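Every number for a ligand or one of its atoms is a count from 1 in the order of the listing. This one's a predicted model, so the numbers in the text were calculated from it and none came from an experiment. Scope of the values below: all heavy atoms of this structure, side chains included, with no hydrogens, waters or symmetry mates.
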Amino acid sequence: MLWRLQHSRTNMIAYMFRRRRQSPHPSLGNVRHQSTPSQFYHNKQLELYASKEAKPLTLRQLVFFGRSMNEDRLFKSANYVRTELPVRIAHRLRDLQALPYVVVTQEGVAKVYELYWSAFEKFRNYPPVTTLKENEDFCNFLSVLLDEHASVIPNLSLGLSLSSPYLPPEKLDAFMRRMLISRISRRVLAEHHIALSEMYGGLKNEEPEEPHVGIIFTGLKVKRSIEKCVKLLTERPMWLEVGGRAAMDVHWPQVKIDGHLDAKFAYIREHFEYIAFQLLKNSMRSTVLKHQGVPVLPSIQVTIVAGENDIGLRISDQGGGLSSFQNEISNPSDLFSFSHIRNATRLEDSRLGALRMASEHGLRATVDEQVSHWQQLVPSKGQAVGREENSEPKDLPQPRIGIGLPMSYIFATYFGGSLELVSLDGWGTDVYLRLPKLGTNLEGIEV
Ligand code: COI
């Protein structure tokens, strides 16, 4: 293990030096020692952008702006994204440059730096958008970048897990939080603009099941999204790899929903479903593990509450609580940490291996993306009826990379919500999610 760490670090250092010779951009952890005029120029550009303030938005602003679209507003939206994203990326490049050298040379971190530097340069040099054709090209440009950056989270998570012996947990988690909040914010702006352009150009003319403006669903039905997640989790149970077994034949606990069943609010559906999916997955997995061999598993109770200012969700399971499966975790919020000091699983070989795989192939971040990926790989239960006896599913259970909970926490807090876990050790866990309903909170200040 130690050998592998040292070996990969040596490779990375060699890689960094190679890159430094080839690339014109400033190298990590070395900004004060610029040697070539080109590096000096590029760092000056970075400083210029990093010195600008980001212009955070609220959900409500994103909806209002997108509601009555015309060409002029569409170009305004494009040019806002074109000029705002390089500022936000510059802030994060600065953050990366400020990391200790031992951290920036870790596997994964340098890759993210390269991606961000390249995106920064592309945005900085992108000409203003003034026609519909230019906007179409700009949307294609954004889509390519969104795809290219699919590996950022596993790479960062891998790099920072490996670095956690060298950074105090508070620093490490604060850095990760800024990186991830900022990344969500950039993707929201890019995806929202693409969706607005599609709506304006009539490219997406199928009637959406729920009203939306860009990527924001203005009347998101909470119960319906929860049911969708439950359906996916139980129909395609390989998400729920339990104790090393593929979960095709395991019985699943029933999920009962009560409270304000008609609750609706304006939110980014992708974000809400990501959180609901991860939380339900954890509850199902721990319930199955805790009650092995029992014919009827205790159900999971989901309670929805539509408050005056927010939507609340409580998910209660009888999966034994955190002590059953997470021996080293003393405080539930340690599960949100990327540091091995707070969460020892960060340095487990299986986690690192799974992260390496995800870093290479990119992460299917949304529930819908994951579904279409699995649909290609494995038939659903319904489709499996005619499958030959003894035939194996085509793919193994999804490896656990351990970022579902920390990412859910980041998504929940991005627009000012909260996520808390309460463990009743020996019995079960209650998770409390609160998301603001009015859409008036600004994005996290760290964008
Ligand atoms: C990211 O996904 O990390 C981004 O920054 C995306 C953006 C370049 C469109």
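Relative ring orientation between Y267 and F415 is described as perpendicular, the plane-to-plane angle rising above 60° on a 0-90° scale split at 30° and 60°.
Salt-bridge formation is not detected for the pair R356/E360: no Lys NZ or Arg NE/NH1/NH2 atom is positioned less than 4.0 Å from an Asp or Glu carboxylate oxygen. Electrostatic pairing of K231 and E227 does not count as a salt bridge here, judged by no charged N lying under 4.0 Å from a carboxylate O.
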Report every pair formed by an N or O atom of ligand 1 and a protein N or O atom separated by less than 3.5 Å, giving atom names and the distance to 0.1 Å.
from	atom 1	to	atom 2	distance (Å)
ligand 1	2 (O)	R183	NE	3.2
ligand 1	2 (O)	R187	NH1	2.5
ligand 1	3 (O)	Y116	OH	3.0
ligand 1	3 (O)	H149	ND1	3.1
ligand 1	3 (O)	R183	NE	3.2
ligand 1	3 (O)	R186	NH2	3.4
ligand 1	5 (O)	R186	NE	2.7
ligand 1	5 (O)	R186	NH2	3.2

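Note that R346 lies in the cation-pi zone of F338, set by a 6.0 Å cut-off to the ring centre and a 45° limit from the axis. For the pair R269 and F217, the cation-pi criterion (under 6.0 Å, within 45° of the ring axis) is fulfilled.
Side-chain contact between K55 and V87: absent, with no pair of heavy atoms (C-beta onward) separated by less than 4.5 Å.
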